[in-house]
Each structure stands twice: as structure tokens, then as C-alpha cells.
Amino acid sequence: MLNLNGTYKLLYKYMFIYYGLISGLIATILFDIYQNALSFSYGINKTRWDLVGRYFIGLKDKRYVRDNLNDDEVEKNELFLGYLIHYLIGIIYGYMYIIINIIFYNEPSILIAIIFGFLTILGSWCIMMPYAFNLGFFAKNSNDKYQLIVQGLIAHFIFGIGLFIGYSIIF
């Protein structure tokens, strides 16, 4: 006799994996499209994923804080690694968004997506800016700190909308 309850649990488990993956991928793709559009249209600098890759490659040598990543020597496959980490983090955030939605709602929530999108900027402001780019927390050591903060907020707002779109498409 077939245990349908166990089958549904297994199906739900795999759908959760699929939902988180698609939601995170779509959100990260929209994030990148937005940054590329700003760069192309207005000449605004987009995130340099090669430097992110260079930072993470340097972690293997126990270099956790950098003075200036631009001055470090170029590492092999740093751009690929930077984009890989960028998309992996986007997918992890996608899973987190799906879990929060499952806990509070039974369907995709735009409100949770926007709030969660705004909260994801804290990773950049409190980890990458002070340690990888030596800009201090919330880019306080940068001459363009307000521009970096506003650009980050808008980009992560779009990321949050992308989480919602990704989850809604497959829901």
C-alpha cells in the first residue's frame, strides 16, 4: 500500500528546493539587469564581482581585512568566483524568503519580499564594505557614501521584488 502522506512530504521537499532556487536566481538576475542598466545609461559604477572573487580567494590565505582590493594582484578565475558567490548568496536569500513566506503566509507576499530585500543590504554594508573594500560600516570612509547607500537600497529593493516575482511565477 502506497503512503501518500510520505509522498506528499517528499514532493513538498523538492518543490521547496525548486521554489528557493528559482526565486533566488530571478531576483539576482533582476539585480544584475538593474545594475547594468544604470551603468549603461548613466555611467554609474556597478558592483565589481571580480573584486568580490579576489576577496574570497584571499580568505584561503587568512586575509580577512583588505586595505585596497584594487592593489592586490589579479587572481585566476576571480570574476567567475565573484559571480558564483553572488548567485549562491542570491539563492540562499531565495530559500530564506521562501521559508519566511511559508511561516507567515501560504502564498507569496510582496510585503515580506520588500522588507527582506531591504534587509539583505546589511550583508554588503556590514561585511563586504568594511572588510573586503575597506570602506567602513555603511561606507562611512567613502567619499560617495550616500550614493553607495542609496544605490544599494534601490538595488536590494529590486532584489526583493525579484524574490516575489520568482516565487509568484512558480507558485
Side-chain angles (χ1 to χ4, degrees), residues 20-21 23-101 109-167:
L21 178 72
S23 183
L25 278 175
I26 288 176
T28 308
I29 289 168
L30 286 177
F31 180 96
D32 286 341
I33 289 171
Y34 168 73
Q35 282 201 327
N36 284 321
L38 278 182
S39 179
F40 179 76
S41 300
Y42 301 106
I44 294 174
N45 294 333
K46 59 183 183 168
T47 304
R48 294 210 27 217
W49 299 112
D50 58 329
L51 295 180
V52 172
R54 190 177 303 170
Y55 174 75
F56 278 92
I57 290 170
L59 290 178
K60 74 178 185 322
D61 298 328
K62 298 184 170 110
R63 293 185 294 164
Y64 303 111
V65 179
R66 302 294 183 84
D67 289 329
N68 189 348
L69 280 169
N70 288 317
D71 294 340
D72 287 1
E73 73 178 55
V74 175
E75 300 282 349
K76 184 178 178 187
N77 298 322
E78 65 184 22
L79 181 61
F80 172 77
L81 183 64
Y83 268 106
L84 180 67
I85 290 168
H86 171 53
Y87 275 83
L88 285 175
I89 290 171
I91 291 167
I92 290 168
Y93 282 152
Y95 286 123
M96 292 169 68
Y97 168 70
I98 299 297
I99 289 169
I100 292 169
N101 259 295
S109 166
I110 188 73
L111 179 63
I112 289 177
I114 291 170
I115 292 169
F116 189 75
F118 279 132
L119 289 175
T120 60
I121 190 63
L122 292 174
S124 175
W125 287 347
C126 298
I127 296 171
M128 293 305 292
M129 283 186 183
Y131 299 112
F133 298 111
N134 198 26
L135 295 176
F137 288 93
F138 300 91
K140 72 176 182 176
N141 298 335
S142 172
N143 295 333
D144 302 324
K145 63 182 156 202
Y146 297 115
Q147 181 181 355
L148 289 172
I149 287 173
V150 170
Q151 281 179 258
L153 282 172
I154 295 170
H156 283 261
F157 170 79
I158 289 174
F159 179 79
I161 298 298
L163 288 172
F164 174 76
I165 291 170
Y167 191 21

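Taking the side chain as every heavy atom from C-beta outward, Asn36 and Ile33 never approach each other to under 4.5 Å. You'll find the side chain of Gln147 reaches within 4.5 Å of the side chain of Ile44, heavy atoms only. Within the 4.5 Å cutoff, the side chain of Leu153 has no heavy atoms near those of the Phe157 side chain. Side-chain contact check for Met129 versus Phe138: every heavy-atom pair is 4.5 Å or farther apart.
Residue Phe164 comes nearest to Ala113 through the heavy atom pair CB-CB, 3.6 Å, listed as atom of the first residue, atom of the second, then distance. Nearest heavy-atom pair, Pro130 versus Trp125, reported as atom, atom and distance to 0.1 Å: CD-O, 3.3 Å. Residues Ala27 and Gly162 share a closest heavy-atom pair of CB-C, 3.6 Å. The nearest pair of heavy atoms linking Lys60 to Ile57 is CG-O, 3.0 Å. The two residues Leu148 and Ala139 have their closest heavy-atom pair at CD1-CB, 3.9 Å. Residues Arg54 and Asp72 come closest through the heavy atom pair NH1-O, 3.4 Å.
One N or O on the side chain of Glu78 and one on the backbone of Glu75 form a donor-acceptor pair closer than 3.5 Å. Between the side chain of Ser23 and the main chain of Gly166, no donor-acceptor pair closer than 3.5 Å is present. In this structure a side-chain-to-backbone donor-acceptor pair under 3.5 Å is missing from Asp50 to Gly82.
Classified by interplanar angle (parallel below 30°, tilted 30° to 60°, perpendicular above 60°), the ring pair Phe31/His156 is perpendicular. Using cut-offs of 30° and 60° for the angle between ring planes, the Phe159 and Tyr93 rings count as perpendicular. The aromatic rings of Trp49 and Tyr83 are tilted relative to each other, their planes meeting at an angle between 30° and 60°.
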Is there a side chain to side chain contact (heavy atoms under 4.5 Å, CB included) between Thr28 and Ile91 once you walk through the steps?
-> CA-CA 8 Å; Thr28 308; Ile91 291 167; 5.8 Å; no
Given Phe56 and Val52, is the side chain to side chain contact (heavy atoms under 4.5 Å, CB included) satisfied, shown in steps?
-> CA-CA 6 Å; Phe56 278 92; Val52 172; 3.9 Å; yes
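Sparse packing is recorded around CG of Asn143, with 12 or fewer heavy atoms of other residues, nucleotides or ligands lying under 6.0 Å away. Other residues, nucleotides and ligands contribute only 12 or fewer heavy atoms inside 6.0 Å of the OH atom of Tyr131.
Note that CZ of Phe133 and CG of Leu51 are 5.5 Å apart. Values are rounded to the nearest 0.5 Å. With rounding to the nearest 0.5 angstrom, the CZ atom of Phe137 is 9.0 Å from the CD1 atom of Ile127. Between Ile110 atom CD1 and Ile165 atom CD1 the span is 7.0 Å, to the nearest 0.5 Å. Atoms CG and CG, from Leu163 and Leu25 in turn, are 11.0 Å apart once rounded to the nearest 0.5 Å. Annotation: the span from Ile85 atom CD1 to Met128 atom CE amounts to 8.0 Å, rounded to 0.5 Å. Here the OG atom belonging to Ser109 is positioned 12.5 Å from the CZ atom belonging to Phe116, to the nearest 0.5 angstrom.
Looking at residues two or more places apart in sequence or on another chain, you find a side chain to side chain donor-acceptor pair (under 3.5 Å) between Tyr87 and Asp32. When the side chain to side chain donor-acceptor pair (under 3.5 Å) test is applied to Asn134, no partner is found at least two apart in sequence or on another chain.
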